[in-house]
Q: 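Sharing a structure here in structure tokens format.
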Amino acid sequence: MSFLQAGNIHKHYGGATALQGASLQVQAGEIHALVGENGAGKSTLARIIAGSTRAGQGRILIEGNPVTIASPVDAQRLGIGMIYQELDLFRHLTVAENLIIGNLEFRGGSMEAFCHPFLQQVGLGESARRMVHSLSIGQMQLVAIARALSMNARLILMDEPTSALFEDAAERLFALIAGLKQRGVAIVYVSHKMDEIFRLSDRITVLRDGRNTGTVETAHTSAAAVIRMMIGRDLEAGQRAPRPLGDVVLAVDGLSTAKLKSVSFELRRGEVLGIGGLVGSGRSELGAALFGMDRVSAGAIRRQGTLGLVPEDRRLQGLMMQMSVAENGTMAVLPRLQRWGFLRRGQELAEMRGVAGRLGLHCRSLHDPVATLSGGNQQKVLLGRWLLVNPDVLFLDDPARGIDVGAKQDIYRAIDALAREGKGVILVSSELPELVRCCDRILVLCEGRLTATFTAAEATQEKILAAATSTGGHA
Amino acid sequence: NGKRQLLVAFSQANNAEPYRAMQNALMQKLWAQYPDVKLVISDAQQDNSKQVAQVETFIRQKPNLLIVAPNERAALTAVMGQAMEAGIPVICLERDILQPNYTTYVHSDNVAIGRLAGQFIVDYLTKKYGQPKGNIVAMRGLLGVEGEINRDKGASEIFQKYPQIRMVADPVADWIQAKAKDRMTEVLRAQPQIDVVYGHNDPMAVGAYLAARELNREKEMIFVGVDGLGGPAGGIKKVTDGILAATFVYPLCVDKAVEIGNRILHDPAFHPDKDYTLDSLMVTPANARQMYDKFTVP
Amino acid sequence: MPARFQSFAALTGIVILAIAISPAAADGSRVFLQTGNLTDILRQISLIGMIALAMTFVILTGGIDLSVGSILALATSIAAMCLTRMAPGMSYPAHIALAIAAAVAAAGLTGVLNGAVIATLRIQPFIVTLATMIGVRGLAKWITQNENIDIGFGRDVAASFAALFREKAIVIGSYALAAALFALVLARTVFGRHVRAIGDNEKAAQYAGLPIRRTKIWVYTISGLLSGFAGVLYAAENHQGNPNAGVAYELDAIAAVVIGGTPLSGGRGSIAGTIIGSLIMGVLTNMLRLKNVDSNLEMMIKAVIIVLAVAVQRERESA
Amino acid sequence: MPARFQSFAALTGIVILAIAISPAAADGSRVFLQTGNLTDILRQISLIGMIALAMTFVILTGGIDLSVGSILALATSIAAMCLTRMAPGMSYPAHIALAIAAAVAAAGLTGVLNGAVIATLRIQPFIVTLATMIGVRGLAKWITQNENIDIGFGRDVAASFAALFREKAIVIGSYALAAALFALVLARTVFGRHVRAIGDNEKAAQYAGLPIRRTKIWVYTISGLLSGFAGVLYAAENHQGNPNAGVAYELDAIAAVVIGGTPLSGGRGSIAGTIIGSLIMGVLTNMLRLKNVDSNLEMMIKAVIIVLAVAVQRERESA
Ligand SMILES: Nc1ncnc2c1ncn2[C@@H]1O[C@H](COP(=O)(O)OP(=O)(O)OP(=O)(O)O)[C@@H](O)[C@H]1O
Ligand SMILES: Nc1ncnc2c1ncn2[C@@H]1O[C@H](COP(=O)(O)OP(=O)(O)OP(=O)(O)O)[C@@H](O)[C@H]1O
Ligand SMILES: [Mg+2]
Ligand SMILES: [Mg+2]
């Protein structure tokens with residue numbers, strides 16, 4: 001019998017429909033992937049099962065018994081835990097406090113003793129007393145995972161748990177998932193990463209526009225087939241054509257900040273430069289230093305023209321959540337949209353429609369608050385903001401985080417187009433295939449130091465990983 | 001000859017009221033006549049706890065004379081007792097406290113002022129209509145404050161004797177001119193006929209006047225105030241300007257207090273009375289100029 | 001917009017109540033509905049209403065300005081002192097313009113100071129403007145030596161200033177003009193957009209390269225300027241410069257903003273909402289005063305109605 | 001903790017300044033350092049200090065409580081009325097206990113009301129507690145008929161109540177006890193952690209299944225209870241029940257919290273910080289009063305020092 005049977009789930013947000021009759025069945029000890037385009041309703045369905053969103057209608061059975069899950073506490077009592085896509089953690093509590101708060105498994109006693117094994121499992125063994133706000137987003141993701149582990153759940157819903165993890169941490173998570181499966185714990189695994197899905201899952205449920213398009217055995221299907229179920233067509237394989245390189249548009253020489261140690265590189269027009277490294281290796285700090293957000297202690301930055309930066313955490317650093325899609329998109333180009341001191345709203349919408357089309361943005365209206373968009377679509381709004389600015393150098397900090405496979409192609413194409421227009425692009429990514437696919441050269445950071453540089457041709461996952469973990473490695 | 005410097009500490013309840021600001025000014029002027037006296041003033045901003053704290057701080061400095069204008073009677077009683085225990089002569093200015101924890105008490109009488117004002121209004125109405133009748137509006141100060149209670153009480157005693165005198169509205173304007181203007185505007189809308197506005201202080205009477213003037217009704221009624229301060233912003237000036245029909249001087253009590261205080265400081269043989277009550281004066285256009293000169297602190 | 005519509009519904013409810021309980025005038029009409037009374041209300045809310053307009057901008061950036069009442073007091077004092085104690089040998093209009101300019105400029109400078117400290121030293125607006133509220137009050141009392149500066153009813157320049165600027169048409173007109181201007185700036189200009197963006201997510205605004213510091217300095221400056229101009233009108237209306245004026249005005253202004261649907265956390269809200277918030281407070285007071293309700297009861301009734309007015313807005317919002 | 005250390009540094013700076021400029025007593029010692037003066041300061045900050053403790057909790061949840069001053073006034077009134085106008089035929093201690101219980105209970109109930117409206121109707125705390133501030137002030141004035149309820153110096157139950165509860169040791173002791181208790185609750189209990197968590201990220205708190213509503217109702221109730229108890233002490237200290245007491249206390253309490261390093265947005269902060277904030281304000285006032293600085297100048301100096309004290313904390317933080 002299935003551990004979880006959720007059927008005919010409906011959910012409306014005002015006029016917007018998130019789910020219209022979706023269903024999901026999960027066996028005990030099964031790893032069940034839940035996939036679909038951005039905005040298909042995956043997170044909504046997961047949240048409903050975890051009790052943090054109330055369904056409009058629908059039926060949920062646990063081990064065949066009908067249950068009402070009205071709150072996260074109800075879900076916890078039924079043995080359901082969840083890792084949220086938006087990583088809702090308490091930034092001013094310590095890591096350990098984040099683990100035990102509201103956790104029915106913690107029944108007093110030493111907090112550290114309770115947390116230690118779980119933090120150890122995710123690789124945060126030393127961090128129990130640190131404040132969450134001092135962690136990088138990848139480390140926050142690990143905290144959320146540790147929390148779910150500590151709840152002793154029989155079903156864990158994981159909403160894009162690897163979207164901010166580098167390979168080594170992801171590997172560790174996969175091992176953990178395998179261990180959980182051994183113990184009979186069911187996992188619902190929401191992800192846009194096909195390789196992970198095929199590596200991990202037993203079955204795959206595909207959502208599209210809030211409805212099921214099918215559930216398949218992973219062993220008896222292919223990525224192409226799943227993608228077809230998701231987006232209703234085949235994915236065009238991106239052709240990689242060589243780009244001509246121009247002048248140096250950005251030259252960094254001996255750049256040092258609190259986190260970075262003497263980083264030097266050059267970026268040419270028409271070049272896409274990849275940055276790889278582990279969580280906390282200083283990739284984001286490099287962007288902050290270039291953008292003038294961090295104090296530079298030594299070194300020089302020479303740049304031609306303007307610089308744009310798409311930050312990695314769209315919620316904290318990127319978007320104005322209460323403002324509309326259009327307002328967010330045009331945020332950085334407002335001066336050029338005014339006439340006689342007033343904004344030309346017609347022109348604003350026209351420009352925004354242009355980028356929305358280029359990125360395949362899905363939203364009901366450009367006037368909707370960006371908070372009502374699905375995670376992936378929010379990411380596109382943020383990217384759109386900088387496409388509109390059209391800067392000479394664009395620093396993209398993990399721009400494809402949480403983006404569905406179809407839209408990823410759109411983003412890769414946009415990056416390629418930028419480079420062809422003669423821009424210099426820096427691409428930080430947690431996904432090695434992405435780096436290899438998009439970049440001309442790949443720099444690897446390790447603990448704030450530049451440890452290796454590869455051309456696209458010579459880069460392999462093994463080499464990059466080695467450079468990312470070596471400290472005094474070759475340059 | 002570098003002799004003993006005498007310290008006089010004055011704890012003022014709230015220098016945001018013009019009446020009390022004037023007290024401070026006069027106090028400074030009068031003590032300045034004595035080169036061996038240094039005057040310090042604190043302002044409690046109408047807060048009991050603040051004033052208690054300030055008196056406590058004064059006690060620490062062991063002044064030769066302490067003058068307290070209490071914000072409220074009960075609140076200051078204990079701390080003034082503390083000052084007495086510390087051997088500091090204490091003059092209680094203008095407002096009573098619960099126990100005679102002072103060397104002497106210099107004050108006026110708000111009930112008597114209320115009666116004077118009430119009688120003036122009755123006389124005016126009698127003259128206007130041939131009999132005591134008419135509609136009165138009172139502009140009340142912050143409710144619960146001694147001045148407000150007694151100025152109301154004294155006047156009401158008089159009005160109650162004449163059933164045809166009606167109090168048609170008595171909005172609360174917290175002593176503040178701007179508030180009185182707003183509240184009077186509404187009264188004017190609701191009341192077609194008003195004969196007298198009795199402001200429990202001059203600024204509120206002036207506020208009422210401004211409201212009436214705006215609706216071109218200021219000639220229909222007279223405005224009576226209380227306080228009768230000198231100076232260009234005071235109530236006496238308003239009488240000379242023809243804005244107020246009368247105001248009643250609520251004595252600053254400062255000249256008396258300084259006179260007595262000075263004798264306490266310089267004449268060891270002097271023993272003040274326990275209580276000095278100062279009379280009020282009526283200011284009308286007839287005597288306003290004279291009064292202006294008398295009560296203006298240059 | 002639905003949120004604005006709900007504020008409007010709350011206002012409508014209160015107006016209907018006011019009409020229903022209004023006393024009748026001699027001719028049988030409702031006193032509340034008399035043109036004179038309605039314009040009274042507008043005039044009474046104009047000063048705090050104007051301050052609330054600028055306060056909306058401040059709150060939208062996620063800030064707060066507690067110093068508005070003290071700044072108003074400083075402006076009343078400076079304007080009245082200029083008019084009564086200076087004889088610059090100018091024509092009346094020039095002298096009046098000078099007095100207004102001096103008062104508004106001092107107020108604006110105080111605002112610049114607020115903004116500069118908040119934006120540069122990155123201290124919480126609450127503390128900075130609280131300090132300004134205390135310090136500027138002290139300054140106003142110090143320059144006036146704790147005295148009110150009276151403006152008489154003669155034929156001098158001060159009196160003609162007061163006669164002109166206490167005109168209902170001027171006061172209400174200034175408010176209307178300011179309201180229209182602020183609504184336009186918020187909805188249709190880059191500056192207005194920046195104001196909301198900063199309040200919504202300051203970090204993101206920084207990453208988007210918005211001029212955070214400049215915008216913040218501007219909103220506090222505007223708040224100072226409007227408080228100063230309100231002070232000028234106050235001086236005219238009350239025929240005096242008063243260093244003790246405007247106590248607790250900041251609470252009234254903030255209340256109008258919040259009742260109008262702008263949360264203190266900033267990021268969203270509207271000028272229309274703030275105007276409605278000011279009107280709700282004005283009509284409420286007028287309605288209870290026309291009934292001559294006991295002042296203590298008035299306070300209790302007001303409390304209940306404020307909560308109800310806001311609750312009505314909330315409820316619809318979530319549905 | 002570094003943040004707390006900086007607050008402490010600011011306090012130390014002000015204390016050193018106070019010692020430096022303190023006048024000398026007859027025996028050559030510094031007046032500021034006399035035990036009597038130091039305990040004066042503690043007593044003077046105790047009431048608002050106590051309110052600020054509870055306010056810290058309120059602010060940590062991301063809320064605010066403007067009604068504390070009115071609640072204090074209500075409590076003074078109820079306590080004094082119970083003591084002077086009731087003759088329940090009990091022993092003095094029982095009668096006193098009854099009066100205190102009545103006052104504190106009424107205050108607590110007002111807090112419950114605040115919390116319930118905020119948590120259930122989901123209206124902004126600013127508006128709800130503003131309404132309560134207005135309404136409860138009206139209530140206090142209404143039940144006392146606008147009169148102060150004086151407590152004499154006789155030998156009746158009211159006088160013995162005042163004699164007991166105005167004792168420095170009792171007042172300071174209560175504050176110390178409350179401070180210790182609150183520090184403990186915040187740092188070491190589940191409730192304290194929930195308070196911080198809700199202010200930090202309410203959505204996450206909801207996801208974690210924390211009892212948001214209950215916690216919020218509690219913090220406002222605690223705020224009411226402490227304001228009520230402060231009211232009891234106020235009645236004893238001032239020998240009166242006073243419906244006009246406590247005006248603007250909310251600003252002082254909030255200022256102490258914010259100066260102590262708790263941002264108004266909530267989520268982080270400490271009781272130690274709040275205590276230091278209260279001490280900074282107390283020492284500052286005492287120091288300027290001992291020097292007999294002109295009251296207007298005093299306000300200006302205070303403004304500057306407050307900003308400096310907070311700026312010192314900020315600067316180190318970012319460095
Ligand atoms: N709070 C909300 N208010 C309004 N609409 C919402 C809200 N949350 C989600 N939606 C809408 O519901 C739909 C489903 O969103 P959901 O977040 O479940 O998508 P998703 O499949 O998780 O997408 P992604 O892969 O981008 O995370 C979207 O169209 C989204 O715009
Ligand atoms: N070894 C570490 N242990 C704990 N925290 C670390 C460590 N290294 C870095 N951090 C934290 O991570 C942040 C720096 O990571 P940064 O975001 O620059 O790296 P990144 O390479 O971009 O990583 P991510 O992939 O997580 O974005 C800093 O805020 C720091 O506090
Ligand atoms: Mg999602
Ligand atoms: Mg990063």
Q: With chain D as the partner, which of C/A255, C/P125, C/G135 has the greatest number of non-hydrogen pairs under 4.5 Å?
A: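 Among C/A255, C/P125, C/G135, the one with the most close pairs to chain D is C/G135.
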Q: Select one option (side chain, backbone, both, neither) describing which atoms of C/I305 are under 4.5 Å from chain D's heavy atoms.
A: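 Looking at C/I305, nothing touches chain D.
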Q: Indicate whether any N or O donor in one side chain lies under 3.5 Å from an N or O acceptor in the other, for C/K302 and C/T285.
A: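 The answer is yes; a qualifying pair exists.
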Q: Top residue by heavy-atom pair count (under 4.5 Å) with chain D, among C/V307, C/L264, C/I306, C/V128?
A: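 Among the listed options, the one with the most contacts to chain D is C/L264.
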Q: Less than 4.5 Å to any heavy atom of chain C: does that hold for the side chain of D/L66, its backbone, both, or neither?
A: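 Only the side chain of D/L66 comes within 4.5 Å of chain C.
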Q: Please assess C/T76 against C/N242 for the test side-chain hydrogen bond (donor to acceptor under 3.5 Å, both in side chains), listing each intermediate value before the final yes or no.
A: CA-CA 6 Å; C/T76 67; C/N242 185 344; over 6 Å; no
Q: Contact part of D/I254 toward chain C, heavy-atom cut-off under 4.5 Å: side chain, backbone, both or neither?
A: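 For D/I254, heavy atoms of backbone and side chain both lie under 4.5 Å from chain C.
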Q: In terms of heavy-atom proximity below 4.5 Å to chain D, should C/V304 be classed as side chain, backbone, both, or neither?
A: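 Contact with chain D: none, neither part.
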Q: Counting heavy-atom pairs under 4.5 Å with chain C, which one of D/A303, D/G62, D/G138, D/S295 comes out on top?
A: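 With the most close heavy-atom pairs to chain C, the winner is D/G138.
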Q: Establish, from distance only, whether the side-chain atoms of C/T129 and C/N114 form a donor-acceptor pair under 3.5 Å.
A: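 No pair is found: no donor N or O on one side chain lies under 3.5 Å from an acceptor on the other.
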Q: So what's closer than 4.5 Å to chain C heavy atoms on D/V117: side chain, backbone, both or neither?
A: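 Contact with chain C is through the side chain of D/V117 alone.
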Q: Without hydrogens or angle criteria, can the side chains of C/T56 and C/T274 be said to hold a donor-acceptor pair below 3.5 Å?
A: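 The criterion, which ignores hydrogens and geometry beyond distance, is satisfied for C/T274 and C/T56.
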Q: Are the charged groups of C/R289 and C/E298 less than 4.0 angstrom apart, N to O?
A: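 Counted as a salt bridge, because a side-chain N and a carboxylate O are separated by less than 4.0 Å.
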Q: Checking D/L130 against chain C: side chain, backbone, both or neither under 4.5 Å from a heavy atom?
A: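 Answer is side chain: those atoms of D/L130 sit under 4.5 Å from chain C.
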Q: What pair of heavy atoms forms the shortest contact from C/P243 to C/A73, and how long is it?
A: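 Of all heavy-atom pairs spanning C/P243 and C/A73, the closest is O-CB, 3.5 Å.
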Q: Would you compute the distance between atom NZ of C/K141 and atom CD of C/E147 and round it to the nearest 0.5 angstrom?
A: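 The distance works out to 12.5 Å.
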